[in-house]
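A short write-up of the structure that comes next.
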Amino acid sequence: MPATIVLGTQWGDEGKGKFTDLLAADASMVVRFQGGHNAGHTLVVDGESFALQLVPSGVLNPETIPVIGNGVVVDPFVLLAEMKMLSDRGVDVSKVRVSGNAHLILPYHQQLDALHERHLGDAKLGTTKRGIGPAYADKSMRLGIRVQDMLDEKIFREKLHTSLSHANKILTKVFNRLPMDPDDLADKVLAECLPGIKPLIADSIDLVHSALEADQNVLFEGAQATFLDIDHGTYPFVTSSNPTAGGACTGAGIGPKHIDRIIGIAKAYVTRVGAGPFPTELFDEDGDKMVDIGREYGTNTGRRRRPGWVDAVMLRHAARLNSLTELAITKLDVLDTFDTVKICTGYMIDGEKVSVLPYHQSEIHKAEPIYLELPGWKTDLTEVKDVADLPVNAKNFLDALAEQARVPISLVSTGPGRKQFLHY
Ligand code: IMP
């Protein structure tokens with residue numbers, strides 16, 4: 001530390017929440033920098049499972065200030081419900097802060113998300129239908145409503161009129177739906193959300209920089225992942241924000257020189273939800289085993305995740321895009337019963353061997369993985385407490401992965417629990 005970014009290197013669901021929670025033990029602040037409640041971060045503490053969507057993973061550490069940064073899109077109803085769920089379960093949420101510059105997701109964004117997906121038919125992206133894309137679109141069109149706008153009723157109503165007059169035209173004229181009444185919606189948001197949200201609103205830039213200036217450890221928590229990045233992912237099968245390291249700078253208001261460590265979280269295999277290319281995707285028993293043992297179903301949506309072998313071509317690319325200083329490998333234990341384990345080291349595309357992720361997406365669709373196949377360790381890793389006790393075949397797998405990814409591995413997770421990890 002003091003400034004560390006934790007981000008996903010694949011297509012999300014790598015288990016970022018667990019390591020953010022772990023690293024938060026030494027951080028005075030954890031800042032979410034992009035995305036919204038499309039995320040689902042599961043933390044398991046003393047056998048109790050917490051599924052977080054919006055509140056930064058550091059919330060379970062009573063000393064840590066969880067900050068929702070300016071780059072996040074916030075559904076105020078969801079934020080308040082999540083805070084209530086946490087406080088009902090005995091978690092102290094009094095330190096949670098939300099940037100006044102974060103944009104709001106309101107019910108029409110969710111409706112538009114679902115309608116757009118239906119409109120796309122077979123070409124649909126498989127979004128989470130949480131309104132993420134329409135909220136970021138409004139932000140880019142300068143029609144967005146920021147959290148701070150709620151503080152001035154007149155401004156809030158005016159902005160809602162402007163934003164909804166645009167959204168209502170799309171709802172009624174394109175999708176043949178009923179319009180939403182801006183004053184009814186304003187009444188509802190101000191009555192049901194403002195009292196709970198008002199005490200959380202903060203100048204997050206000042207909070208973050210004051211902590212950094214005081215030499216405190218600040219953790220920047222990414223949601224989604226590198227290959228869901230709107231610029232660097234497999235467009236259009238991506239989310240609407242930048243989960244890459246640059247997104248931490250814009251979404252939290254810091255310059256790149258502040259960052260000391262950039263930890264890329266990678267699952268020991270890969271999963272993806274929603275549509276889009278996936279060179280190492282498995283349609284066989286190995287894939288079913290990964291899904292069953294790894295419980296690969298969406299935390300929020302319940303959707304079955306698409307499984308595949310870990311892809312070092314993607315990891316090398318993620319290392320370039322994010323300036324990764326290290327990798328943290330999750331869910332290694334899910335591979336415990338496999339006779340052999342595989343790492344994709346390159347692709348065959350139209351008869352040619354390729355070791356760099358092709359920039360032309362149609363080539364990614366055609367990519368056939370080239371695998372390094374290694375013997376499995378056939379040992380229950382969930383009880384391993386020391387790296388010296390790791391079976392040699394598990395070490396060989398990790399070492400080959402680090403060598404192929406060209407990034408050292410610093411942490412390895414061997415089970416869902418908070419204590420099930422090893423320093424590598
Ligand atoms: P959206 O972010 O809801 O617009 O969805 C766009 C794409 O990103 C879809 O393929 C989603 O399945 C995927 N996605 C969004 N959030 C997550 C996540 O937290 N984990 C994994 N995939 C996600």
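Remember, it's 1-based here, ligands and their atoms both numbered in the order they're listed.
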Could you tell me the residue and atom name of the protein heavy atom closest to atom 15 (C) of ligand 1, and the distance to it rounded to 0.1 Å?
Gln224 CG, 3.7 Å

Does Asp284, at its CG atom, have more than 12 non-hydrogen atoms belonging to other residues, nucleotides or ligands within less than 6.0 Å?
yes

Per ring pair (Phe, Tyr, Trp, His ring centres under 6.0 Å), Trp309 is matched among Phe397, Phe338, Tyr269, Phe278 by Phe338

Partner of Ile254 by side-chain contact (heavy atoms from CB on, under 4.5 Å), out of Ile205, Val31, Val208, Ile5
Val208

So which protein heavy atom does atom 3 (O) of ligand 1 come closest to, and at what separation?
Thr128 OG1, 2.6 Å

Of the protein's non-hydrogen atoms, which lies at the shortest distance from atom 21 (C) of ligand 1, and what is that distance?
Asp13 OD2, 3.1 Å

Just to check, does Ala223 reach to within less than 4.0 Å of ligand 1 when the distance is taken from its heavy atoms?
no

In this structure, does ligand 1 have an atom that sits under 4.0 Å from one of the heavy atoms of Arg303?
yes

Enclosure of Tyr235 OH (heavy-atom neighbours >12, cutoff 6.0 Å)
no

Flag Val273 as yes when one of its N or O atoms lies below 3.5 Å from any N or O atom of ligand 1, and as no otherwise.
yes

I need the nearest protein heavy-atom contact for atom 18 (C) of ligand 1: residue, atom name and distance, please.
Asn38 O, 3.7 Å

Between Asp187 and Arg157, does any NZ, NE, NH1 or NH2 come within less than 4.0 Å of an OD or OE carboxylate oxygen?
yes

Would the number of heavy atoms belonging to other residues, nucleotides or ligands and lying under 6.0 Å from CD of Glu403 be above 12?
no

Among protein heavy atoms, which lies nearest atom 2 (O) of ligand 1, and at what distance?
Thr239 OG1, 2.6 Å

Distance under 4.0 Å to a non-hydrogen atom of Leu125: what atoms of ligand 1 satisfy this?
10 (O)

Under the rule for ring-ring contact (aromatic ring centres under 6.0 Å, His included), what residues qualify as partners of His232, not counting sequence neighbours?
none

A student checking ligand 1 against Gly274 at a 4.0 Å heavy-atom cut-off should list atoms 10 (O)

Protein residue, atom and distance nearest to atom 8 (O) of ligand 1, heavy-atom basis
Leu228 CD2, 3.7 Å

Which part of Trp11 is near ligand 1, with near meaning a heavy atom under 4.0 Å away: side chain, backbone, both or neither?
backbone

Can you confirm whether or not the ring centre of His116 sits under 6.0 Å from the ring centre of Phe175?
yes

Please report whether ligand 1 has a polar contact with Gly126, defined as an N or O pair separated by less than 3.5 Å (distance criterion only).
yes

Any donor and acceptor pair, going by atom type alone, linking the side chain of Ser28 with main-chain N or O of Asn217 inside 3.5 Å?
yes

How far is atom 7 (C) of ligand 1 from its nearest protein heavy atom, and which residue and atom name does that atom have?
Val238 O, 3.7 Å

For atom 5 (O) of ligand 1, what is the nearest protein heavy atom, given as residue, atom name and distance?
Thr127 CA, 3.3 Å

Other residues, nucleotides, ligands: >12 heavy atoms within 6.0 Å of Asp184 CG
yes

